[in-house]
Amino acid sequence: MNRRRPVAAREQRSVGDVVAGLLALLALLALAVGVPAALLRFTGSPLPEEVPDGSVFTEPLDTETILYVVTLGVWLAWLQLVVCLLVELHAGVRGIGVPARVPLAGATQAVVHKLVVAVLLLFTATTAIMPAFTQPQAQPQQYRVTQMAAHEELRAPQAQSGPQGQRPAASPQERDGTTAKIYTVQPPHGRHHESLWEIAEKCLGDGRRYKEIFELNKSHVQPDGSRLQKASLIRPGWVMEMPSDARNTEIIPKSQLREYFRDGHPAPPAAQPKPAPQKEEKKADPPVEQQGPAEQQGPAAQTPRPAQPEAPGQVHAEQRPQQSPAPTPVLEVQPQEQPFPWPEALAGTSLLAAGLLTGLGMRRRAQVMRRRPGEMIARPEGASALAEQALRIGADPEGVRALDLGLRLLSQGLAAQRRTPPTVYGAHLGTRTLDLWIAPADENPPSPWEPHDGGQVWRLHTAALDALKERDFADVLAPYPGLISLGVNESGRVLADLEAAHGLIAVDGPPEQRKAALAAMAVELATNSWSDHMRLTLVGFGGELQQIAPGRIRCVPSLAEALPELEARTAEVRQALYAAGADSVLTGRCRGVSGEAWMPHYLVVADQPSKADAARLVALARTGQRLSAGYLVAGRVEDATWQWRIDEKGELDAGVLGFQVTAQRISEPEYHAVAGLFRTAGRTEGVPLPAVPAEPPAGVERHSAGIRMLGRATVEAPGTVDETRRDLCAEVLVYLAAHPGGVHPTVLSGAVWPRGVTAGVRDSTIAMAADWLGRDSRGRPNLYSDERGRLRLGSEVRVDLQHFRFLLWRSAAEPASEAAYLSHALELVRGPLLEGRPKGRYSWLAADELEYETVARVVDAAHRLGELRTAEGDVRGAVQAARAGLRLAPDDEVLWRDLLRATQATGDHTAVRAAVDELRGRADLDLLQPETEALIEELAPRAHARGA
């Protein structure tokens, strides 16, 4: 679909613009001049020759009277068109932004608007009405895509279908019941996931027969450890037993059916040693890759093959530990039961996702402060864990920072020049630029903003913000808190300002789609950082969303209940404007006076209001000046200032604003899952840490490869890997290192490729990781598959996290050497867990206890070592212990307090003040715990005063 893409306009008119402008001019002349001329010529003047009396209402209607009434209606329609034309011309010539709305002329004004825009293009380089909406934008960002040929070995079906419409004849083995037919659920492609209906259509010729497949398989445990419980929920890699007349299936001995359900493949022969992943010989064609926010394809080099086992007589005794490894705690990682499909929409909400994760991080820091030694904070499960995984994939904190700092920098610059910020009715956030569409046009923005399109677009190159810090703008009020993401187009994210409407905004379309779009707008408003102390009233969403931001959100059951507070707030803002002598809330925000008066209050209504409530709301919302308020309502409201529409496919048309985007949406199950995240983050009780292993980990005596996780993810291996595949292969190896009990390939797929991946791509990636990890000193692969088909790391792969855990066990088992073991363990800590992980990678941490457990263990170890060193009189050793723990948990205030006390004990007051300044300089610790503030006041009163 062709879209009007909102960004910088071109400098010259095209031939198409000229032709369109001439045609539009002729059309306007015909409508404005030709219509009345024709009416006067053929029907005469519409005015009666004499004043009519009451008899006109009692006389019978004749043909002449009917023609007169019809003619009078045409004259009135023409008059309405002329009014629309004057309004649009006034807005275009004066450059006042969004034109005023003519009552009862929605369709007429829209047509006239387009004609006027086309005509104005004939006389100006760009139109002053809708500069960014009528002209093509700059070239969209070109994503680098490496295109390669794919080579994937597919298992050919053993059963061939018969002629179309006919069921295949059963073989003798099928008739006597010695064979069975199975179908393996295929991985998703893009957003398409297989369903039982589709499988029934493909294999049985009738989708309605899906119930037969469900009944055959509902009691079987699948390879990933879960069961088929709902006909609407199946997963890639599951094995479906099929009816005997199915086609396009695989025929197997019925005796192997149990093994297929358990492992996804038949059990290997008893005498066969475990296979080791090994990449087959390279093909001539290179693999496929497409990089994006989350890598969907992954590398597809060569399909891995199990290494050919040695003859039974050649199996060496040294190989037995790999076949039967020493008992270790087996951490079974199975996919959570999904009450809804993969939350693709959440993964596409870049700014919203970043805001949610920021708020979630603040809640979890409060949880950590209440954590007791030996416990970790509660982690999300099920749908909530999947929701966080999607948020981690999609979050764009860099974009949030650019929008927040860019707008505050603009307000600061305008305030220094004693200027009022312009009306911003739209914004576009790309990868390198932030564009604002303003009204009226102004060619003199404050530096580093640049004017474009005759001053109707102000552009900021986001690289100019790199040297700035958030603390530099702590006293600058957010100028445009009502900016909300409408959705995305080919080059970035498009936003609109609620306050610029000066009235009601109605979002029409299918109820499910419009509610999902309004929910996304509400959640983003509640969690964004480019707003200050906002108030948000939600109607029709239930009470769960209030848990996300209780300080901002108020949920009410009806619009009638919300209106009194909104009316009172509007009156307060009007009084504040009068008292401050400000013409707009923008002036007050820019100058920083009476800050509380300019804090916005927005309303989002999920369901179409009644006519009475809508009329009352329209009267409240329609203002002659900009107030700190915005109103979003579902459905079609006749007198709405802006009318937006979303269709079944999720495409949103923003009406007179000219935006056409793929809307940002959150379905009801998805925002329930997000609310569950915040409920879990509010739990006060901790979870006991799992027991640490008592057996020495791999690589103690000898190691041929290493994986380091306590800091930046590092793989030390004898092999080589393609640099473009390094991050992906490293993630695969880290996941295996985090789960030493073994991981089924299906589970690995769900973790590393949560949006789905083909088996061929997965296996080729495993093969590349195995090549990289190489072989041990005896020639055995360092990455292999055990007899149950689970992937494991070899006995000579050293993992720093496993050594850290083992040293903790030794410290508890040998109290006399506790401090030495703890010190040795903390030496392994180099930085935050998996520091610097690429954007969109390692999203599986959301559903895994690794992050929660590791942070708790490191903090406990550092705190305990600090106590031991202090008791020994080694205060510098206590300082080093606190510093070691802060390397991995830099925001933990328990360790900061340990550091301050130990530094004070050294007698170096300069070092104490430096530590206090360092603590206060952390952006993530704006609000310190009372215990920390009290300690700072005790140790460094002057520093405490400066902080206050």
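Everything quoted here is computed from the prediction, not taken from an experiment.
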Closest heavy-atom contact between Met709 and Val799?
SD-CG1, 3.9 Å
Do Leu783 and Leu793 come within less than 4.5 Å of each other through their side chains, counting heavy atoms only?
yes
Does atom CE of Met369 have more than 12 heavy-atom neighbours from other groups under 6.0 Å away?
yes
Working note: Leu748 + Ile766, criterion side chain to side chain contact (heavy atoms under 4.5 Å, CB included); need CA distance, chi angles, decisive distance, verdict.
CA-CA 10 Å; Leu748 180 68; Ile766 295 172; 3.7 Å; yes
Counting N and O atoms only, with roles assigned by atom type, does the side chain of Ser785 sit under 3.5 Å from a partner on the main chain of Arg790, one being a donor and the other an acceptor?
no
Run the side-chain hydrogen bond (donor to acceptor under 3.5 Å, both in side chains) test on Arg665 and Gln513 for me, step by step, so that the C-alpha distance in whole Å, both residues' side-chain angles and the decisive distance to 0.1 Å come before the verdict.
CA-CA 8 Å; Arg665 291 156 289 158; Gln513 293 284 4; 3.1 Å; yes
4.5 Å side-chain heavy-atom contact, Thr765 and Trp753
yes
Do the side chain of Glu893 and the main chain of Gln929 share a donor and acceptor less than 3.5 angstrom apart?
yes
Could you grab the distance from atom CG of Asp848 to atom OG of Ser843, nearest 0.5 Å is fine?
11.0 Å
Out of curiosity, Ile234 CD1 to Asn217 CG, how far, rounded to the nearest 0.5 Å?
10.0 Å
Could you give me the CA-CA distance, side-chain angles and deciding distance for Gln186 and Glu198, then say whether side chain to side chain contact (heavy atoms under 4.5 Å, CB included) is met?
CA-CA 11 Å; Gln186 299 302 303; Glu198 292 175 342; over 6 Å; no
Any side-chain heavy-atom pair from Val185 and Met240 closer than 4.5 angstrom?
yes
Less than 4.5 Å apart, side chain to side chain, heavy atoms only: is that true for Ile666 and Glu524?
no
N/O donor-acceptor pair under 3.5 Å between Arg755 side chain and Glu344 backbone
no
Would the distance check show the side chain of Arg363 and the main-chain N or O of Ile548 forming a donor-acceptor pair, the cut-off being under 3.5 Å?
yes
Any donor-acceptor pair under 3.5 Å from Arg887 side chain to Gly711 backbone:
no
Is there a donor-acceptor pair closer than 3.5 Å between any side-chain N or O of Arg792 and the backbone N or O of Gly741?
yes
Decide salt bridge (Lys or Arg N to Asp or Glu O under 4.0 Å) for Arg726 and Glu723; before the verdict, give the C-alpha distance in whole Å, the side-chain angles of both, and the deciding distance to 0.1 Å.
CA-CA 5 Å; Arg726 177 181 291 272; Glu723 286 300 317; 2.8 Å; yes
One should read off an interatomic distance between Ser485 OG and Leu525 CG, to the nearest 0.5 angstrom, of 9.5 Å
Is there a salt bridge (Lys or Arg N to Asp or Glu O under 4.0 Å) between Arg837 and Glu851? Walk through the geometry before answering.
CA-CA 13 Å; Arg837 47 187 179 260; Glu851 199 167 28; 3.2 Å; yes
Could you walk me through whether Val747 and His739 pass the side chain to side chain contact (heavy atoms under 4.5 Å, CB included) check?
CA-CA 11 Å; Val747 177; His739 306 107; over 6 Å; no
Taking all atoms of both residues into account, what is the closest heavy-atom pair of Gly885 and Leu895, and its distance?
C-CD1, 3.5 Å
Evaluate the side-chain proximity of Tyr183 to Ile213: yes if any heavy-atom separation is below 4.5 Å, no if none is.
no
Taking the side chain as C-beta and beyond, is there a heavy-atom pair between Trp844 and Arg392 under 4.5 Å?
no
Using the rule given for side chain to side chain contact (heavy atoms under 4.5 Å, CB included), can you reason through Leu351 versus Gln664, listing the C-alpha separation, both sets of side-chain angles and the distance that settles it, and then say yes or no?
CA-CA 10 Å; Leu351 305 182; Gln664 176 173 273; 5.7 Å; no
Check this for me: Arg258, atom CZ, are more than 12 non-hydrogen atoms of other residues, nucleotides or ligands nearer than 6.0 Å?
no
Are the side chain of Gln222 and the backbone of Val239 linked by a donor-acceptor contact shorter than 3.5 Å?
yes
Taking the six-membered ring for Trp, are Phe261 and His220 parallel (under 30°), tilted (30 to 60°) or perpendicular (over 60°)?
parallel
Looking at Glu853 and Arg805, does any basic side-chain N land under 4.0 Å from a carboxylate oxygen?
yes
Roughly how far, to the nearest 0.5 Å, is the CD1 atom of Ile377 from the OG1 atom of Thr684?
12.5 Å
From Arg725 atom CZ to Asp771 atom CG, the distance as rounded to the nearest 0.5 Å:
13.5 Å
Start with the C-alpha gap between His863 and Asp892, add the side-chain angles, then the distance that decides, and say whether side-chain hydrogen bond (donor to acceptor under 3.5 Å, both in side chains) holds.
CA-CA 11 Å; His863 180 66; Asp892 191 274; over 6 Å; no
Please find the pair of heavy atoms, one from Ile393 and one from Ala347, that lie closest to each other, and give the distance.
CG2-CB, 4.5 Å
Check the surroundings of atom CD in Glu716: do more than 12 heavy atoms from other residues, nucleotides or ligands lie under 6.0 Å from it?
yes
Could Glu544 and Arg679 be called an ion pair, given the rule that one side-chain N must be under 4.0 Å from one carboxylate O?
yes
How are the rings of Phe806 and Trp809 set to each other: parallel, tilted or perpendicular (split at 30° and 60°)?
parallel
Ignoring hydrogens and angles, tell me if any N or O in the side chain of Gln389 forms a donor-acceptor pair with the backbone of Ala846 under 3.5 Å.
no
Does Arg371 form a salt bridge (Lys or Arg N to Asp or Glu O under 4.0 Å) with Asp860? I'd like the steps, not just the answer.
CA-CA 10 Å; Arg371 183 188 67 86; Asp860 285 354; 2.9 Å; yes
Distance-minimising heavy-atom pair for Cys555 and Ile553
SG-CG2, 3.8 Å
Least distance between heavy atoms, Arg493 atom then Gly348 atom
NH2-O, 2.8 Å
Distance (rounded to the nearest 0.5 Å) between Thr714 OG1 and Leu733 CG:
12.0 Å
Closest non-hydrogen atoms of Ala549 and Ala526, given as atom of the first, atom of the second and distance, are CB-O, 3.6 Å
Can any side-chain N or O of Asn782 pair as donor or acceptor with the backbone N or O of Val797 at less than 3.5 Å?
no
Side chains of Val858 and Leu833: does their closest heavy-atom pair fall under 4.5 Å?
no
Any donor-acceptor pair under 3.5 Å from Gln546 side chain to Gly543 backbone
no
Note, Leu834 side chain near Leu845 side chain (heavy atom, < 4.5 Å)
yes
